[in-house]
Asker: 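Quick one: this structure, given as structure tokens, is what I'll be asking you about.
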Amino acid sequence: RMRDQMRIELHDLINKVGVTALYVTHDQAEAFALANRVAVMSHGRIMQEGSPREIYQRPETQFVASFLGAANILSARLEARLAISTVLVLEGGEKSHLDVAVPDELMLGDMVELIIRPEDLEVLFEAPAHSRNVVPGRIAGFTFLGSQSECGIDIGGTLVRAVVHPGHDLQKGASVWLQINSSRCIAFRKGG
């Protein structure tokens, strides 16, 4: 609590005095709470710089995406490009129609990595009427965290993390469907 209060006071002081401050931290919450601009560095080089929201929601590389908080990384093969969606085959063989923009230079058959934050996955407990942006899975485990529960969902052998309301009665092994917020999903060439 004291650390959180000091963060608020430091932010207010910097704004009140009107000075530019350089704050170096490995604490993502501190960086996002204090900064107008954030620079993510690796081995002495700036990998990406921008507003906290921009860097968190639109990372330019897999490194930045995974460095800044929980990120699910799914490997998939590009099977088709349709007018309004992309057909990807996830590792484990699950074919999914996702409204995800993949880099133009990728060819059919190329492997991609999808970066999806846990909060951008909605866990559905009943089969949806549609299959677009939906992937079936099973609850592999869960942790009650008070204001939310975090689920581990097995989708074809890949474990992803999702956040759900704590009021849900979660059962290990239960079938669920993940509704992917495709506008918040980022695709990179695998290994790129």
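Along the sequence shown, residues are numbered consecutively beginning with 1. The model shown is predicted, which means the values in this text are computed figures rather than measured ones.
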Asker: If you look at every heavy atom in I180 and C185, which pair is closest and at what distance?
Answerer: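 Taking every non-hydrogen atom into account, CG2-CB, 4.4 Å.
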
Asker: Is there a chain of hydrophobic side chains (I, L, V, M, F, W, Y, each step under 4.5 Å between heavy atoms) that links V38 to Y56?
Answerer: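 In one cluster: yes.
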
Asker: When you compare the side chain of L88 with that of L74, does any pair of heavy atoms fall below 4.5 Å?
Answerer: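 Side-chain contact under 4.5 Å: no.
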
Asker: Relative to each other, are the rings of F67 and F63 parallel, tilted or perpendicular (30° and 60° limits)?
Answerer: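 Rings of F67 and F63: parallel, under 30°.
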
Asker: Minimum heavy-atom separation for P166 and S147, please, with both atom names.
Answerer: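 So the two residues come closest at CD-O, 3.3 Å.
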
Asker: Of all the heavy-atom pairs spanning P59 and Q57, show the shortest one and how long it is.
Answerer: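 That closest heavy-atom pairing would be CD-C, 3.4 Å.
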
Asker: Are M107 and V102 connected into the same hydrophobic cluster when the rule is that any two of I, L, V, M, F, W, Y join if their side-chain heavy atoms are below 4.5 Å apart?
Answerer: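 They do not share one cluster, since no chain of ILVMFWY contacts under 4.5 Å joins V102 to M107.
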
Asker: Identify the heavy atoms of K172 and F142 that sit nearest to each other, and give their distance.
Answerer: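 In terms of heavy atoms, the two residues are closest at N-CE2, 3.9 Å.
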
Asker: Hey, any chance V100 and L106 share a hydrophobic cluster, counting ILVMFWY side chains that come within less than 4.5 Å of each other, even indirectly?
Answerer: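 Yes: a chain of side-chain contacts under 4.5 Å links V100 to L106.
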
Asker: Does CD in E126 sit with more than 12 non-hydrogen atoms of other residues, nucleotides or ligands closer than 6.0 Å?
Answerer: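 Atom CD in E126 is not packed in, count stays at 12 or less.
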
Asker: L178, F125: one ILVMFWY side-chain cluster at the under-4.5 Å cut-off?
Answerer: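 Yes, because L178 and F125 connect within a single hydrophobic cluster, where side-chain heavy atoms sit under 4.5 Å apart.
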
Asker: Within the structure provided, determine whether Y23 and I14 are in side-chain contact (heavy-atom separation under 4.5 Å).
Answerer: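 No, their side chains stay 4.5 Å or more apart.
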
Asker: Would you check if I115 and N72 make a side-chain contact, meaning some heavy-atom pair closer than 4.5 Å?
Answerer: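 Answer no - side chains too far apart.
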
Asker: Out of curiosity, does L170 fall in the hydrophobic cluster containing V176 (side-chain heavy atoms, cut-off under 4.5 Å, transitive links)?
Answerer: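 Yes, because V176 and L170 connect within a single hydrophobic cluster, where side-chain heavy atoms sit under 4.5 Å apart.
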
Asker: Could you walk me through whether R77 and K190 pass side chain to side chain contact (heavy atoms under 4.5 Å, CB included), step by step?
Answerer: CA-CA 9 Å; R77 181 176 42 80; K190 186 167 183 168; over 6 Å; no

Asker: Do side-chain atoms of Q148 reach the backbone of V163 as a donor and acceptor pair under 3.5 angstrom?
Answerer: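 Here the side-chain-to-backbone pair does not exist.
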
Asker: Determine whether the side chains of R81 and T86 contain a donor N or O and an acceptor N or O closer than 3.5 Å.
Answerer: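 Checked: R81/T86 side chains show no N/O donor-acceptor pair below 3.5 Å.
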
Asker: Ignoring hydrogens and angles, tell me if any N or O in the side chain of R138 forms a donor-acceptor pair with the backbone of G173 under 3.5 Å.
Answerer: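 Side chain of R138 to backbone of G173, a donor-acceptor pair under 3.5 Å: yes, one is there.
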
Asker: Please lay out, stage by stage, how E150 and L145 fare under the test side chain to side chain contact (heavy atoms under 4.5 Å, CB included).
Answerer: CA-CA 7 Å; E150 186 176 281; L145 300 172; 4.1 Å; yes

Asker: Quick one: SG on C151 to CZ on F144, what's the gap to the nearest 0.5 Å?
Answerer: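 So the gap between those two atoms works out to 12.5 Å.
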
Asker: Using a 4.5 Å cut-off on heavy atoms from C-beta on, say whether the side chain of Q179 contacts that of N133.
Answerer: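 In short, these two side chains touch, coming nearer than 4.5 Å.
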
Asker: Distance check, rounded to the nearest 0.5 Å: R7 atom CZ versus T25 atom OG1?
Answerer: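 Nearest 0.5 Å value for the CZ-OG1 distance: 9.0 Å.
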
Asker: Test side chain to side chain contact (heavy atoms under 4.5 Å, CB included) on I139 and Q171; report intermediate values, then the result.
Answerer: CA-CA 7 Å; I139 297 177; Q171 300 293 323; 5.7 Å; no

Asker: Quick one: are L98 and L114 in side-chain contact, heavy atoms under 4.5 Å?
Answerer: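 Sidechains of L114 and L98: in contact.
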
Asker: N181 vs L121, test: side chain to side chain contact (heavy atoms under 4.5 Å, CB included). Steps then yes/no.
Answerer: CA-CA 6 Å; N181 181 342; L121 295 170; over 6 Å; no

Asker: Does the side chain of R117 reach to within under 4.5 Å of the side chain of L68, using non-hydrogen atoms?
Answerer: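 SC-SC contact between R117 and L68 confirmed.
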
Asker: Work out which heavy atom in S66 is nearest to a heavy atom in A71; give both atom names and the distance.
Answerer: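 Closest pair (atom of S66, atom of A71, distance): CA-CB, 4.2 Å.
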
Asker: Quick one: which of L124, V123, V135, I155 gives a side chain to side chain contact (heavy atoms under 4.5 Å, CB included) with W177?
Answerer: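 Exactly one pass, corresponding to L124.
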
Asker: Just by distance, do the side chain of E113 and the backbone of I186 share a donor-acceptor pair under 3.5 Å?
Answerer: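 Looks like no, no N/O pair under 3.5 Å.
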
Asker: Could you measure the distance from the CG atom of L34 to the CD1 atom of I8? Nearest 0.5 Å is fine.
Answerer: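 Here the rounded value is 10.0 Å.
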
Asker: Would you compute the distance between atom CZ of R58 and atom CZ of R184 and round it to the nearest 0.5 angstrom?
Answerer: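 The CZ atom of R184 is 8.5 Å from CZ of R58, to the nearest 0.5 Å.
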
Asker: Going from CE on M6 to CD on E30, what distance comes out if it is rounded to the nearest 0.5 angstrom?
Answerer: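 Interatomic distance, M6 CE to E30 CD, rounded to 0.5 Å: 10.5 Å.
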
Asker: Do you know the tightest heavy-atom contact between R189 and E105?
Answerer: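 Between these two residues, the closest heavy atoms are NH2-CG, 3.5 Å.
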
Asker: So, taking the atom named CD1 in I153 and the one named CZ in R161, what distance separates them when rounded to the nearest 0.5 Å?
Answerer: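 Spacing of CD1 (I153) from CZ (R161) equals 12.0 Å.
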
